[in-house]
Amino acid sequence: MTPRRFLVSLAAVGVLALSGCERVAPHHYNGIDLTGAAYARQLTLPDFDGKPRTLADFKGKVIAIYFGYTQCPDACPTTLVELAAVAKSLGPDAARLQVVFITVDPARDTAALLKNYVTNFNPTFLALRGDEQQTKATASEFKIFYEKVPGKTDGAYTIDHISGVYLLDTQGHVRLFEKQNMDPALVTADVKALLADTP
């Protein structure tokens with residue numbers, strides 16, 4: 001992670017924490033508690049098979065949402081490995097967790113590439129891909145910063161982006177933000193706590 005990305009992520013995490021302090025949740029969570037936050041409420045993007053997806057599609061499941069891109073050299077694959085470990089740790093309850101990867105690089109991340117990429121980590125993982133305008137709107141809704149960093153050639157750019165995972169409860173409400181380099185065991189505990197809150 002570049003120093004710039006670290007500073008942006010640190011600042012963003014602070015904003016996220018302040019934005020979600022309207023209510024006190026009944027549980028102690030390991031991630032940053034965003035219960036009651038007035039953002040991350042809408043999601044409308046096609047998946048890698050072209051099917052339109054919204055948060056309502058995953059009702060009854062805890063949703064783990066991560067913004068990234070397939071050519072990310074470090075944070076993205078590491079986070080997906082950690083989320084795969086979380087799913088494995090859940091055992092039968094893994095069926096009640098939906099990991100959603102949202103690309104911030106739709107120009108290079110084709111639907112076919114995304115499908116191959118995320119299902120390589122876990123066959124149940126889903127990827128969403130919008131056009132540039134949809135991507136910006138979705139990132140804004142979730143308060144995700146991303147910025148293209150030019151490389152030596154037009155196609156060799158990288159993307160600085162906030163790296164962390166949103167956890168939404170079984171009703172589709174944003175509840176937690178798990179920071180980069182999370183301990184899968186702690187995230188698993190948070191997922192279990194949110195599942196236990198299911199009405």
Side-chain angles (χ1 to χ4, degrees), residues 9 12-13 15-43 45 47-48 53-68 72 74-103 114 117-128 138-139 141-144 161-199:
S9 297
V13 166
V15 171
L16 291 171
L18 291 172
S19 300
C21 63
E22 298 173 10
R23 291 174 47 197
V24 176
H27 297 286
H28 167 73
Y29 294 112
N30 300 300
I32 297 171
D33 190 351
L34 303 179
T35 303
Y39 57 89
R41 293 181 173 183
Q42 296 183 15
L43 175 64
L45 288 172
D47 66 20
F48 46 51
R53 295 286 191 167
T54 68
L55 294 177
D57 293 332
F58 312 115
K59 189 171 183 180
K61 296 184 178 184
V62 167
I63 314 168
I65 297 179
Y66 180 75
F67 288 76
C72 177
D74 42 36
C76 301
T78 299
T79 299
L80 288 172
V81 166
E82 291 165 343
L83 288 171
V86 170
K88 184 176 181 180
S89 297
L90 287 171
D93 277 340
R96 301 175 66 200
L97 170 69
Q98 181 60 63
V99 172
V100 177
F101 180 92
I102 300 176
T103 181
L114 282 167
Y117 182 73
V118 298
T119 57
N120 227 3
F121 293 95
N122 184 295
T124 69
F125 287 7
L126 190 65
L128 306 183
T138 304
E141 171 66 18
F142 281 79
K143 297 191 180 297
I144 292 293
H161 63 97
I162 292 176
S163 186
V165 176
Y166 282 103
L167 291 183
L168 282 65
D169 64 24
T170 57
Q171 301 303 305
H173 303 137
V174 65
R175 297 292 298 278
L176 300 171
F177 184 79
E178 306 287 351
K179 294 182 288 186
Q180 186 180 352
N181 297 324
M182 54 193 178
D183 182 340
L186 297 179
V187 180
T188 300
D190 282 347
V191 172
K192 287 181 176 179
L194 293 178
L195 287 173
D197 282 345
T198 300

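The two residues C72 and H161 make their nearest non-hydrogen contact at SG-NE2, 4.1 Å. Heavy atoms only, all atoms of each residue included: M182 and P184 are closest at O-CD, 3.3 Å. Contact between A127 and L114 at its shortest, heavy atoms only, is CB-CB, 3.9 Å. Contact record, F121 with P77: CE2-O, 3.7 Å, taken as the closest heavy-atom pair. Minimum interatomic distance between T79 and S163 (heavy atoms only, all atoms of both residues): OG1-OG, 4.0 Å. Taking all atoms of both residues into account, the shortest heavy-atom contact from L97 to A64 is CD1-CB, 4.2 Å.
Side-chain atoms of H173 and T35, non-hydrogen and from C-beta on, never get closer than 4.5 Å to each other. Within the 4.5 Å cutoff, no side-chain heavy atoms of I65 are placed close to those of F58. F48 has its side chain within reach of V118: a pair of non-hydrogen atoms, C-beta onward, lies under 4.5 Å apart. V191 is listed as a side-chain neighbour of L195, based on a closest heavy-atom distance under 4.5 Å. Proximity of I102 to T138: side-chain heavy atoms (C-beta onward) are separated by under 4.5 Å at one or more points. Between L83 and F101 there is no side-chain heavy-atom pair separated by less than 4.5 Å. Counting only heavy atoms from C-beta outward, the side chains of I32 and K179 approach each other to under 4.5 Å. Using a 4.5 Å heavy-atom cutoff, the side chains of T170 and D197 are not in contact.
Rounding to the nearest 0.5 Å gives a distance of 11.5 Å between CG of L55 and CD of Q171. Rounding to the nearest 0.5 angstrom, the gap separating the CG atom in D93 from the NZ atom in K192 is 7.5 Å. Atom-to-atom distance recorded for I162:CD1 and Y66:OH is 11.0 Å, nearest 0.5 angstrom. Note that CG of D33 is 13.5 Å distant from CZ of F177, once rounded to the nearest 0.5 Å. Going from atom OG1 of T54 over to atom CD of Q42 covers 10.0 Å, rounded to the nearest 0.5 Å. In this structure, the separation between CZ on R53 and CG on L45 is 11.5 Å, given to the nearest 0.5 Å.
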Practice item. Show your reasoning for whether side-chain contact (heavy atoms from CB on, under 4.5 Å) applies to I63 and L43. Key: CA-CA 12 Å; I63 314 168; L43 175 64; over 6 Å; no
Practice item. Give the intermediate values and the outcome of side-chain contact (heavy atoms from CB on, under 4.5 Å) for residues Y29 and L34. Key: CA-CA 10 Å; Y29 294 112; L34 303 179; over 6 Å; no
Exercise for review: Might you work through the side-chain contact (heavy atoms from CB on, under 4.5 Å) test for T124 and V99, ending with a clear yes or no?
Suggested key: CA-CA 8 Å; T124 69; V99 172; over 6 Å; no
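Side chain of Q180 to main chain of C76: no donor-acceptor pair is present (N/O by atom type, distance under 3.5 Å, no hydrogens or angles). Checking side-chain atoms of D190 against main-chain N and O of N30 turns up a donor-acceptor pair under 3.5 Å. With hydrogens and angles disregarded, no donor-acceptor distance shorter than 3.5 Å links the side chain of N120 to the backbone of Y117. E82 places no side-chain N or O within 3.5 Å of a backbone atom of D183 that could act as its donor or acceptor partner.
The aromatic rings of F142 and F67 sit tilted relative to each other, their planes meeting at an angle between 30° and 60°.
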